[in-house]
Peer 1: 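First the structure, then my questions, so here it is.
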Amino acid sequence: MTDAPAVDTASAFARDGAVSPLPGQREIDGRIYWTNADGGLIPASAVKAADKLQDELVRRIIGAALPLSEQVARFRQASFDEVDIFVQLLDQEYGAKRGGAKGNLTLTTYDGLFKVMVAVNETIDFGPELQTAKSIVDECLVEWSADSRDEIRTLITRAFDTDSQGRINRIGLLSLLRLDFPDARWQEAMRAIKDSIRTVGSKRYIRMYQRAHAQGRWEAITIDVAAA
């Protein structure tokens, strides 16, 4: 990787005193103006030296980061493509897929020191059946009030709560499916919750790991700058 060139403020001035605008600047009638966050034009002479240095620093870092980001994106896509080709070869030769129905799979080197994991995380939402489930559950809670424990009632009630943005408590709702009550209405409510689940999107992830020896602990190979 080649280092991004530093912004040389002095190079904006030619020998004859003429000025060339840099990124984030505009030239109007031979004068240089800096564009602020509101879109306003500020004369260069009115911009603090510290703000100019900060602008230069950020542009230098971002200038180096953008090519790296593009390189990582190309690497990610190329990795997915290679994994897909490998799975297709397995399908052709053995008639069986290494991954599950959702495409999750794990590949390791022969010596067990390196591992590549591909996972698909689905984004779910809930359809109108959820309101039917809630009304049935409310009926159950009214009749169970004398016998049900407070913690169970709280768990069930909170499962149907939404946050300040109106988002549904997905974890809470899915946790209800693990509760087993003999009441037939409860079983119908759980069926309604299952029927309400909609897969609205999915995202594919690839993660890489290494370890010092075959019995060692797996360590993630980090490409995320924030987690490095």
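Everything numeric in this text was worked out from a predicted model, so none of it was measured.
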Peer 1: One pair to check against salt bridge (charged side-chain N to carboxylate O under 4.0 Å, His left out): Lys52 and Glu56. What are the steps and the verdict?
Peer 2: CA-CA 6 Å; Lys52 293 180 178 179; Glu56 177 183 341; over 6 Å; no
Peer 1: Hey, is Arg204 close enough to Asp84 for a salt bridge, meaning N to O under 4.0 Å?
Peer 2: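 Judged by the 4.0 Å cut-off on N to carboxylate O distance, Arg204 and Asp84 do form a salt bridge.
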Peer 1: Taking the side chain as everything from C-beta on, heavy atoms only, tell me whether Phe160 gets closer than 4.5 Å to Ile193.
Peer 2: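 When only atoms from C-beta onward are counted, Ile193 and Phe160 do touch, with a gap below 4.5 Å.
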Peer 1: For Arg26, I'd like to know if atom CZ has over 12 heavy atoms of other residues, nucleotides or ligands within 6.0 Å.
Peer 2: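 No, because the 6.0 Å sphere around CZ of Arg26 holds 12 heavy atoms or fewer from other groups.
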Peer 1: Decide yes or no for Phe126 and Leu173: does some side-chain heavy atom of the first lie under 4.5 Å from some side-chain heavy atom of the second?
Peer 2: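 Phe126 vs Leu173: side chains touch.
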Peer 1: Salt bridge between Arg31 and Glu27, side-chain N to carboxylate O under 4.0 Å?
Peer 2: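 So Arg31 does not pair with Glu27 through a salt bridge.
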Peer 1: For Asp195, is there any backbone N or O sitting under 3.5 Å from a side-chain donor or acceptor partner on Arg198?
Peer 2: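 Yes; at least one donor-acceptor contact below 3.5 Å.
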Peer 1: For the atom pair OH (Tyr33) and CD (Gln25), what is the distance rounded to the nearest 0.5 Å?
Peer 2: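 With rounding to 0.5 Å, OH (Tyr33) is 12.5 Å from CD (Gln25).
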Peer 1: What are the two closest heavy atoms between Ala64 and Pro67, and how far apart are they?
Peer 2: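 Shortest heavy-atom contact: O-CD, 3.4 Å.
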Peer 1: State whether the number of non-hydrogen atoms from other residues, nucleotides or ligands found under 6.0 Å of Ile171 atom CD1 is greater than 12.
Peer 2: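 Open.
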Peer 1: With a cut-off of 3.5 Å and sequence neighbours excluded, list every side-chain donor-acceptor pair involving residues 44-51.
Peer 2:
none

Peer 1: Taking atom types as modelled and ignoring hydrogens, do the side chains of Asp183 and Gln187 form a donor-acceptor contact shorter than 3.5 angstrom?
Peer 2: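 Judged by distance alone, the side chains do not pair up.
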Peer 1: Under a 4.0 Å N-O cut-off, is there an ion pair linking Arg185 with Glu188?
Peer 2: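 Glu188 and Arg185: not salt-bridged.
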Peer 1: Got a donor-acceptor contact below 3.5 angstrom from the Ser69 side chain to the Ala65 backbone?
Peer 2: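 Checked: no pair found.
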Peer 1: Run the numbers on Asp55 and Leu53 for side-chain contact (heavy atoms from CB on, under 4.5 Å), then give the verdict.
Peer 2: CA-CA 5 Å; Asp55 183 274; Leu53 289 174; over 6 Å; no
Peer 1: Please identify each residue that fulfils side-chain hydrogen bond (donor to acceptor under 3.5 Å, both in side chains) with Thr162, with sequence neighbours left out.
Peer 2: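 With neighbours one apart ignored, the set is empty.
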Peer 1: Using modelled atom types only, decide if a donor and an acceptor are shared between the side chain of Asn104 and the backbone of Val120 within a distance under 3.5 Å.
Peer 2: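 Such a contact is found between Asn104 side chain and Val120 backbone.
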Peer 1: Decide yes or no for Ile156 and Phe181: does some side-chain heavy atom of the first lie under 4.5 Å from some side-chain heavy atom of the second?
Peer 2: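 Answer yes - side chains close enough.
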Peer 1: With side chains defined as the heavy atoms from C-beta onward, is the minimum distance between Lys115 and Arg211 less than 4.5 Å?
Peer 2: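 In short, these two side chains do not touch, never coming nearer than 4.5 Å.
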Peer 1: Measuring from Leu130:CG to Lys194:NZ, what's the distance to the nearest 0.5 Å?
Peer 2: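 Reported to 0.5 Å precision, the distance equals 14.5 Å.
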Peer 1: Would you compute the distance between atom NZ of Lys134 and atom OG1 of Thr157 and round it to the nearest 0.5 angstrom?
Peer 2: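 The distance works out to 8.0 Å.
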Peer 1: Find the distance between CH2 (Trp186) and CG (Leu141) and round it off to the nearest 0.5 Å.
Peer 2: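 Here the interatomic distance stands at 7.0 Å.
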Peer 1: side-chain hydrogen bond (donor to acceptor under 3.5 Å, both in side chains) with Gln131: which residues, sequence neighbours excluded?
Peer 2: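 Applying side-chain hydrogen bond (donor to acceptor under 3.5 Å, both in side chains) to Gln131 gives none.
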Peer 1: State, yes or no, whether a side-chain contact exists between Phe80 and Ile206 at a heavy-atom distance under 4.5 Å.
Peer 2: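 Sidechains of Ile206 and Phe80: in contact.
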Peer 1: Do Leu41 and Trp34 have side-chain heavy atoms sitting under 4.5 Å apart?
Peer 2: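 With C-beta onward as the side chain, the pair stays apart.
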Peer 1: Check whether Asp38 reaches the backbone of Gly40 with its side chain - one donor and one acceptor, N or O, closer than 3.5 Å.
Peer 2: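 Not a single qualifying donor-acceptor pair exists.
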Peer 1: Starting at CG of Leu176, measure out to CG of Leu155 and round the result to the nearest 0.5 Å.
Peer 2: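 CG of Leu155 is found 6.0 Å from CG of Leu176.
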Peer 1: Are Ile221 and Val118 joined in one hydrophobic group, where the rule is that I, L, V, M, F, W and Y side chains link up if heavy atoms are under 4.5 Å apart?
Peer 2: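 Same cluster.
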Peer 1: In terms of hydrophobic clustering (I, L, V, M, F, W, Y; side-chain heavy atoms under 4.5 Å; direct or indirect links), are Val116 and Tyr205 co-clustered?
Peer 2: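 Not linked; separate clusters.
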Peer 1: For residues Glu129 and Ser196, report the shortest heavy-atom separation together with the two atoms involved.
Peer 2: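 For Glu129 and Ser196, the tightest heavy-atom pair comes out as OE1-CA, 3.4 Å.
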Peer 1: Let me check something: do Phe75 and Met117 share a hydrophobic cluster, defined by ILVMFWY side-chain heavy atoms less than 4.5 Å apart, either directly or through other members?
Peer 2: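 Each belongs to a different hydrophobic cluster.
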Peer 1: Taking the side chain from Thr109 and the backbone from Phe114, do they hold a donor-acceptor pair closer than 3.5 Å?
Peer 2: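 A pair under 3.5 Å: yes.
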Peer 1: Tell me, do Leu179 and Leu177 make a side-chain contact under 4.5 Å, heavy atoms counted?
Peer 2: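 A side-chain contact is absent here, since even the closest heavy-atom pair is not under 4.5 Å.
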Peer 1: Indicate if Phe86 and Val83 have the same hydrophobic cluster label, given that clusters are the connected sets of ILVMFWY residues with side-chain heavy-atom separations under 4.5 angstrom.
Peer 2: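 Cluster IDs for Phe86 and Val83 match.
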Peer 1: I need the minimum non-hydrogen distance between Ala189 and Ile136, along with the two atoms involved.
Peer 2: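 So the minimum-distance heavy-atom pair works out to CB-CG2, 3.8 Å.
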Peer 1: Are Thr123 and Ser202 packed together at the side-chain level, in the sense that at least one heavy-atom pair is separated by less than 4.5 angstrom?
Peer 2: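 Thr123 vs Ser202: side chains apart.
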Peer 1: Show the numbers, then the answer: is there a side-chain contact (heavy atoms from CB on, under 4.5 Å) between Gln210 and Met208?
Peer 2: CA-CA 7 Å; Gln210 63 180 347; Met208 293 142 288; over 6 Å; no
Peer 1: With rounding to the nearest 0.5 Å, note down the distance linking CG in Leu174 to CD1 in Ile124.
Peer 2: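 Between atom CG of Leu174 and atom CD1 of Ile124 there are 4.5 Å.
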